[in-house]
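Comments concern the structure below.
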Amino acid sequence: QVQLAESGGGLVQAGGSLRLSCAASGNIFRINAMGWYRQVPGKQRELVAVITSGISTNYAASVKGRFTISRDNANNTVYLQMNDLTLEDTAVYYCHAGGVWVPSVAHGMDFWGKGTLVTVSS
């Protein structure tokens, strides 16, 4: 069984910073990509940032220059450093792991965390 444990969400003032963490646990052989998505009620879930095992990255235009994604492959952990937060960043942030390979399954799988709420106040 693979689980993603998220932490770091909370309430922050506009202009402030938060650091999200997500650790994947289980008998994991390899995770191809880890990323963060966010969702506001009534809206589609959107990609925030993703990082591959080769540490190439991709960011949503709305967060580029403010957010930084990083990854610790040895510990199957991904981080999202969020700076200069705005009201529009308020959302539930979900950790995602894609291309997850475990010894008992002969294909890659996708897993989602339960989400952590980030609330930015004025």
Find out whether the Lys NZ or Arg CZ of R45 is both under 6.0 angstrom from the six-membered ring centre of Y94 and within 45° of the ring's axis. yes
Heavy-atom side-chain contact between V102 and F29 under 4.5 Å: no
Are L18 and N83 side-chain neighbours, meaning at least one heavy-atom pair lies under 4.5 Å? no
Atom OG in S7, atom CG in L20: separation rounded to 0.5 Å? 8.0 Å
Would a hydrophobic clustering, with Ile, Leu, Val, Met, Phe, Trp and Tyr connected at side-chain separations under 4.5 Å, put I51 with W101? no
Check this for me: does any side-chain nitrogen of one of E46 and R38 sit under 4.0 Å from a carboxylate oxygen of the other? yes
If only atom types and distance count, is the side chain of D72 paired as donor or acceptor with the main-chain N or O of A74 below 3.5 Å? yes
Nearest 0.5 angstrom please: N58 CG to L47 CG, how far? 6.0 Å
Should V78 and F111 be regarded as members of a common hydrophobic cluster, given that ILVMFWY residues are connected when their side-chain heavy atoms come within less than 4.5 Å of each other, either directly or indirectly? yes
Are the side chain of T90 and the backbone of T119 linked by a donor-acceptor contact shorter than 3.5 Å? no
Side chain proximity check, I69 to Y59, heavy atoms < 4.5 angstrom: yes
Please state whether the rings of Y37 and H96 are parallel, tilted or perpendicular, taking 30° and 60° as the class boundaries. perpendicular
Side-chain touch S17/Q81, heavy atoms, less than 4.5 angstrom: yes
Check for a donor-acceptor pair, side chain of Q3 on one end and backbone N or O of G26 on the other, with a separation under 3.5 Å. no
Do T86 and R66 have side chains that get closer than 4.5 Å, going by heavy atoms? yes
Quick check on the hydrophobic clustering: are L4 and V105 connected, directly or via other members, by side-chain heavy-atom contacts under 4.5 Å? yes
Do V12 and V40 share a hydrophobic cluster, counting only Ile, Leu, Val, Met, Phe, Trp and Tyr and linking them when any side-chain heavy atoms are less than 4.5 Å apart? no
